[in-house]
Amino acid sequence: QVQLVESGGGSVQAGGSLRLSCAASGATSYSRYSLGWFRQAAGKEREGVASIKSDGSTNYADSVKGRFTISRDNAVNHLYLQMDSLKPEDTAMYFCAAVCLVYRDTPCRFEDYAYRGQGIRVTVSS
């Protein structure tokens with residue numbers, strides 16, 4: 001069973017940076033996994049932030065393009081989200097996910113993923 005654990009969250013002032021990590025344990029073919037980051041702000045629906053496929057291709061939500069960078073290190077089974085120029089509206093719980101089970105022309109939804117982390121809080125103050 002694959003388990004995902006997020007780390008690197010916390011509180012930061014607007015304009016600052018954070019780097020989230022997602023460690024996968026029990027993964028036997030990590031390099032072949034599709035991976036994604038999602039977030040959910042208080043009172044709002046969960047939304048996709050960024051995703052990366054096994055071939056390294058990436059996709060970003062319009063709200064984070066140019067500020068966030070998703071990457072992966074298959075050698076250590078880690079997924080990352082570098083978040084720069086943070087804004088108060090980036091405040092949310094952030095979740096990582098692995099192995100999208102559904103073929104879509106659009107980015108996979110959180111529920112489409114076989115494995116999902118418990119989330120980590122990011123707070124951006126103005």
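Remember, predicted model here, so these are calculated numbers, not experimental data.
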(request) Determine whether V12 and V64 fall in the same hydrophobic cluster, where Ile, Leu, Val, Met, Phe, Trp and Tyr are linked whenever their side-chain heavy atoms lie under 4.5 Å apart. (result) yes
(message) So that I can tick it off, tell me whether D62 and K65 are bridged by a salt bridge, with the cut-off set at under 4.0 angstrom between side-chain N and carboxylate O.
(response) yes
(message) Tell me if the CD atom of E111 is crowded by more than 12 foreign heavy atoms within 6.0 Å.
(response) yes
(request) For R32 and T28, indicate whether the former's side chain and the latter's backbone hold a donor-acceptor pair under 3.5 Å. (result) no
(message) With rounding to the nearest 0.5 angstrom, report the CE to CZ distance, M93 to R39.
(response) 13.5 Å
(message) Test your reading of the model: is there a side-chain donor-acceptor pair from R72 to the backbone of Y30, 3.5 Å cut-off?
(response) yes
(request) Kindly say whether C96 contributes a backbone atom to a donor-acceptor pair with the side chain of E6 at under 3.5 angstrom? (result) yes
(message) Name the residue from T91, T123, L18 that meets the side chain to side chain contact (heavy atoms under 4.5 Å, CB included) definition with L86.
(response) L18
(message) Please report the interatomic distance CD1(I70) to CD(Q82), rounded to the nearest 0.5 Å.
(response) 12.5 Å
(request) Could you pull out the closest heavy-atom pair between L4 and Y115, with the gap in Å? (result) CD1-O, 3.5 Å
(request) State the OG-CZ distance between S7 and R19, to the nearest 0.5 angstrom. (result) 9.5 Å
(request) Give, for atom CG of N74 and atom OG of S54, the distance between the pair rounded to the nearest 0.5 Å. (result) 9.0 Å
(message) Looking at every heavy atom in both A98 and L35, which two are closest together, and how far apart are they?
(response) CB-CD2, 3.5 Å
(message) Counting neighbours of CD on E89 that are heavy atoms of other residues, nucleotides or ligands and sit closer than 6.0 Å, is the number greater than 12?
(response) yes
(message) How close do T58 and Y60 get, counting heavy atoms only, and between which atoms?
(response) OG1-CE1, 3.6 Å
(message) For residues L81 and I120: do they belong to one hydrophobic cluster (side chain heavy atoms under 4.5 Å, members Ile, Leu, Val, Met, Phe, Trp, Tyr)?
(response) yes
(message) Test of understanding: clusters of I, L, V, M, F, W, Y form through side-chain heavy atoms closer than 4.5 Å, transitively. Do L79 and F38 belong to the same one?
(response) no
(request) Could you pull out the closest heavy-atom pair between P88 and A14, with the gap in Å? (result) CD-CB, 4.1 Å
(message) For the CG atom of L101 and the OG atom of S34, what is their distance to the nearest 0.5 Å?
(response) 8.0 Å
(request) Evaluate the criterion side chain to side chain contact (heavy atoms under 4.5 Å, CB included) for residue pair V124 and M83; output intermediate values, then yes/no. (result) CA-CA 11 Å; V124 184; M83 306 186 294; over 6 Å; no
(message) Against the six-membered ring of F95, is R116 placed for a cation-pi contact (under 6.0 Å from the centre, within 45° of the normal)?
(response) no
(request) Give the minimum heavy-atom separation between C100 and V102, together with the two atoms involved. (result) SG-O, 3.2 Å
(request) Enter the distance from N77:CG to C22:SG here, rounded to the nearest 0.5 Å. (result) 10.0 Å
(request) Kindly give the heavy-atom pair with the smallest separation between Y80 and D73, and that separation in Å. (result) CE1-CB, 3.9 Å
(request) Could you state whether Y113 and I52 fall into the same hydrophobic cluster, counting links through intermediate Ile, Leu, Val, Met, Phe, Trp or Tyr residues with side-chain heavy atoms under 4.5 angstrom apart? (result) no
(request) Answer with yes or no whether the hydrophobic clustering places W37 together with V2; edges join I, L, V, M, F, W, Y residues whose side-chain heavy atoms lie under 4.5 Å apart. (result) yes
